[in-house]
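The basis for the numbers below is simple: all heavy atoms, side chains too, and nothing from hydrogens, waters or symmetry mates.
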Amino acid sequence: MADNDVLGKADALLQRHRAARTAQRAEPPVEIPVLTDVVAEGQLPAVPPGPAPAPAPQLSEEELVRIEHDLRLELLGLLGPEFERLVEAKVHERLGPKVEEIMGLTRKVLEAEVRAAVRDAMAAVITAEAARLKGEG
C-alpha cells in the first residue's frame with residue numbers, strides 16, 4: 001500500500017513540474033525568418049563566380065612511385081615518435097617486473113656475500129685475538 005502511495009505522489013509531482021514548464025515556455029517571435037524563407041526570397045549574398053579549377057594533370061608511373069615513396073617517408077616521420085613511445089611503453093611494461101625480480105635476487109645475493117665476508121673477518125679477528133691472549137698468558 002505504501003509503495004503505491006509513494007508512486008502516486010511522485011507521479012503527481014512530475015505532472016505539476018511538466019505543467020509548470022510548458023506554461024513557462026514562450027513562443028519565438030514571428031518576425032525571425034527561417035532559412036527556407038531567406039533562400040526563397042533570395043536574400044543570400046551573391047558568391048562571385050571564381051575560375052574553374054584546373055583539371056588534375058596525368059602523372060606518369062615514375063611520378064606516382066616517387067609520390068608514394070615520399071608519402072611513406074613523411075608518414076614514417078610523423079608516426080615514428082608515436083611508434084617509439086608505444087614500443088617503449090610495452091617494453092617498460094614487460095621489463096619492469098623482470099628488472100625488479102633481478103634486483104631483488106641481486107640484493108639477496110649481495111646481502112649473503114656481505115654477511116659471509118663479515119663473518120669471515122670476525123672469525124679472523126677472534127682467532128687472532130685468542131692467539132694473542134694465549135701467548136700472553
Connected to Leu86, directly or through other members, by ILVMFWY side-chain contacts below 4.5 Å are none

Under a side-chain separation threshold of 4.5 Å, the hydrophobic residues clustered together with Val91 are Phe83, Val87, Leu95

Residue pairs meeting side-chain hydrogen bond (donor to acceptor under 3.5 Å, both in side chains), one or both in residues 101-110, sequence neighbours left out, come to none

In short, side-chain hydrogen bond (donor to acceptor under 3.5 Å, both in side chains) pairs touching residues 79-94 with sequence neighbours left out are Glu82-Arg85

Residue pairs passing the side-chain hydrogen bond (donor to acceptor under 3.5 Å, both in side chains) test with at least one member in residues 111-129, sequence neighbours excluded, are Glu129-Arg132

Identify every side-chain donor-acceptor pair in residues 66-76 under 3.5 Å, counting partners at least two apart or on other chains, and give the distances.
| residue | atom | partner | partner atom | Å |
| --- | --- | --- | --- | --- |
| Glu68 | OE2 | Arg72 | NE | 3.4 |
| Glu68 | OE2 | Arg72 | NH2 | 2.8 |

Apart from Met103 itself, its cluster of hydrophobic side chains linked below 4.5 Å comprises Val99

Grouping ILVMFWY residues whenever side-chain heavy atoms fall under 4.5 Å, the cluster of Val114 otherwise contains Val118, Met122

Heavy atoms of Glu63 and Gln58 approach each other most closely as OE1-O, 4.4 Å

